[in-house]
Protein chains: 2
Amino acid sequence: MTHAFLPVLRELAEAYQAFEAYSSAHIRTLDLTPPQFDIIATLGNTTGMPLKELGEKTLITKGTLTGVVDRLTDKKLVQRIASPSDGRSQIVQLTPQGEALFAQIFPAHLGYMALAFTELSAQDLVSMENNLSRLRTAFMAARAGKEQA
Amino acid sequence: MTHAFLPVLRELAEAYQAFEAYSSAHIRTLDLTPPQFDIIATLGNTTGMPLKELGEKTLITKGTLTGVVDRLTDKKLVQRIASPSDGRSQIVQLTPQGEALFAQIFPAHLGYMALAFTELSAQDLVSMENNLSRLRTAFMAARAGKEQA
DNA sequence: TATTGTTATACTCTATAACTATA
DNA sequence: TATAGTTATAGAGTATAACAATA
């Protein structure tokens, strides 16, 4: 049995691309890019967080994150404030406009995504969640193994 | 039960990102980008194909594809030849150097990817493949539903 | 010395549309 | 008229490294 994992890789890539295509079609109608939406969604219902933490949650590296946050600042959706506890740190938070946008589009986006799941049972969802979690763990373990080698 | 699908979306995104991070770490050591590797892998063991077909298989749109193929041509890894049957069509194929590179790196990449699957059983793989296929189908059906609406 | 964030560089990909040359 | 591919445009994300301010 050689490379029986190949169909899994192919299906993973295709499932993700189908998700991404479906999701981003909606996001682009909101005049946001997927990374910008990710940041708005991450900052929603919080009082803000340092750029470092925002980068960890969205998997955007710091050099890139500065640019994405700049563009959201130009749109008046987020703002930077100095951290009270660390002079090196900038806290990013939604502006009132950003909060209003979040309150409007986040539920709408969930409703849009829900349309894709109407044919799947609760059992299906649990099974998928477990399988995907194991897959993620497998890649992370392999990467960690490579690092120490 | 509201939005029970959300963990599935999160796990899908994280599993894909873990896969992408692991896979592309190897690809970058080969001095290729992921789209470039995708093209080399698609052209390997073929006699070439029109840009249109290459775009369909790699999910790269035609305007972008011209640029990616240009960069691979600069590296002497692929070449364009005129289609014998359709004067509008260009066929892209690996050069001898491209074929040599494919023969060298494709098995190496499979071996690298296999390291991530050592802990998963054949049953696991079948289950994952089925779940991912259903997920992809769900997104594609939702997108098709939106289009006709 | 180490860390947070910005800046700079150079590239790669993306979306979109206009354009050409064939069909 | 429609299709294959190129070109043009403008943006947006990526990797990387050097840098300033602060810890």
Side-chain angles (χ1 to χ4, degrees), chain A residues 13 16-17 20-40 42 48-75 77-93, chain B residues 13 16-17 20-40 42 48-75 77-93:
Chain A
Y16 180 79
Q17 281 155 358
E20 176 66 17
Y22 181 66
S23 175
S24 71
H26 181 235
I27 288 170
R28 270 187 262 106
T29 67
L30 309 170
D31 269 312
L32 295 172
T33 65
Q36 288 169 9
F37 179 83
D38 200 3
I39 288 176
I40 300 284
T42 302
M49 63 189 73
L51 271 161
K52 171 162 176 75
E53 184 180 345
L54 188 57
E56 286 162 358
K57 295 202 176 181
T58 58
L59 297 180
I60 301 174
T61 54
K62 61 181 184 178
T64 302
L65 191 56
T66 294
V68 182
V69 168
D70 284 349
R71 285 182 279 278
L72 286 172
T73 301
D74 290 346
K75 292 182 182 177
L77 296 175
V78 307
Q79 58 192 347
R80 289 174 170 92
I81 59 173
S83 165
S85 60
D86 186 334
R88 299 167 301 183
S89 181
Q90 295 281 319
I91 302 218
V92 190
Q93 61 187 197
Chain B
Y16 180 79
Q17 281 154 359
E20 176 66 19
Y22 181 67
S23 174
S24 71
H26 181 234
I27 287 170
R28 271 187 264 106
T29 68
L30 309 170
D31 269 312
L32 296 172
T33 65
Q36 288 170 9
F37 179 84
D38 200 5
I39 287 176
I40 300 284
T42 302
M49 63 189 71
L51 271 160
K52 171 161 178 72
E53 184 179 346
L54 188 56
E56 285 162 357
K57 295 202 176 181
T58 58
L59 298 180
I60 300 176
T61 53
K62 61 183 183 177
T64 302
L65 191 57
T66 294
V68 182
V69 169
D70 283 349
R71 285 182 281 276
L72 286 171
T73 301
D74 291 345
K75 293 182 182 178
L77 296 175
V78 307
Q79 59 192 345
R80 288 175 171 89
I81 60 174
S83 166
S85 59
D86 187 333
R88 299 167 301 180
S89 182
Q90 295 282 319
I91 297 199
V92 189
Q93 60 186 197

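All chains are named by letter (A, B, ...) in the order of the sequence lines, taking the proteins before the strands, and each is independently numbered beginning at 1. Basis for what follows: all heavy atoms, side chains included, without hydrogens, waters or symmetry-related copies.
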Q: Specify the separation, in whole Å, of atom CG of A:L54 and atom C1' of C:dT4.
A: 14 Å

(Q) Rounding to an integer number of Å, can you tell me how far A:D86 CG sits from C:dA2 C1'? (A) 12 Å

Q: Specify the separation, in whole Å, of atom CD of B:E20 and atom C1' of C:dC13.
A: 13 Å

Q: Kindly indicate whether the side chain of A:K57, heavy atoms from C-beta on, has any atom under 4.5 Å from the side chain of A:E53.
A: yes

Q) chain A on DNA chain D: first and last contacting nucleotide, 5' to 3', under 4.0 Å to a heavy atom? A) D:dA12 to D:dA23

**Q.** A:S89 side chain near A:K52 side chain, heavy-atom distance below 4.5 Å
**A.** no

Q. Quick one: which of C:dG5, C:dA21, C:dT6 gets closest to the side chain of A:R80?
A. C:dT6

Q. With nearest nucleotides of DNA chain C determined for A:I91 and A:R28 from heavy-atom distances, which residue corresponds to the more 5′ nucleotide?
A. A:I91

**Q.** Distance (rounded to the nearest 0.5 Å) between B:T64 OG1 and B:K62 NZ
**A.** 11.5 Å

Q | d(CD1, B:I39; P, C:dT12) in whole Å | A | 13 Å

Q. Hey, are the side chains of A:M49 and A:T42 touching, using non-hydrogen atoms and a 4.5 Å cut-off?
A. yes

Q.
Are the side chains of B:H26 and B:T29 in contact, using a 4.5 Å heavy-atom criterion?
A. yes

Q.
The test is side chain to side chain contact (heavy atoms under 4.5 Å, CB included); show your working for A:I27 and A:Q36 and say whether it passes.
A. CA-CA 9 Å; A:I27 288 170; A:Q36 288 169 9; over 6 Å; no

Q. In chain order, what residues pass the ring-ring contact (aromatic ring centres under 6.0 Å, His included) check against B:Y16, with sequence neighbours excluded?
A. A:Y16, B:F19

Q | Nucleic acid contacts - residues 61-75 of chain A versus DNA chain C, non-hydrogen atoms under 4.0 Å | A | A:K62, A:G63, A:T66

Q) Just how far, in rounded Å, is C1' of C:dT7 from CD of A:Q90? A) 14 Å

Q.
If we check side-chain contact (heavy atoms from CB on, under 4.5 Å) with A:L72, which of these qualifies: A:I40, A:V92, A:T33?
A. A:I40

Q: Could you pick out which residue, A:I60 or B:M49, lies toward the 5' side of DNA chain D when each is mapped onto its nearest nucleotide?
A: B:M49

Q. Taking atom C1' of C:dC11 as reference, at what distance in whole Å does atom CD of B:Q36 sit?
A. 10 Å

Q.
Go nucleotide by nucleotide along DNA chain D from the 5' end; which of A:R88 and B:L51 gets its closest nucleotide reached first?
A. B:L51

Q: Considering just the side-chain nitrogens and oxygens of B:S89, establish if one lies under 4.0 Å of OP1 or OP2 belonging to C:dT22.
A: no

Q | Heavy-atom side-chain proximity of B:L32 to B:L77 below 4.5 angstrom | A | yes

Q: Round to the nearest Å and state the distance from A:I27 atom CD1 to C:dA15 atom P.
A: 13 Å

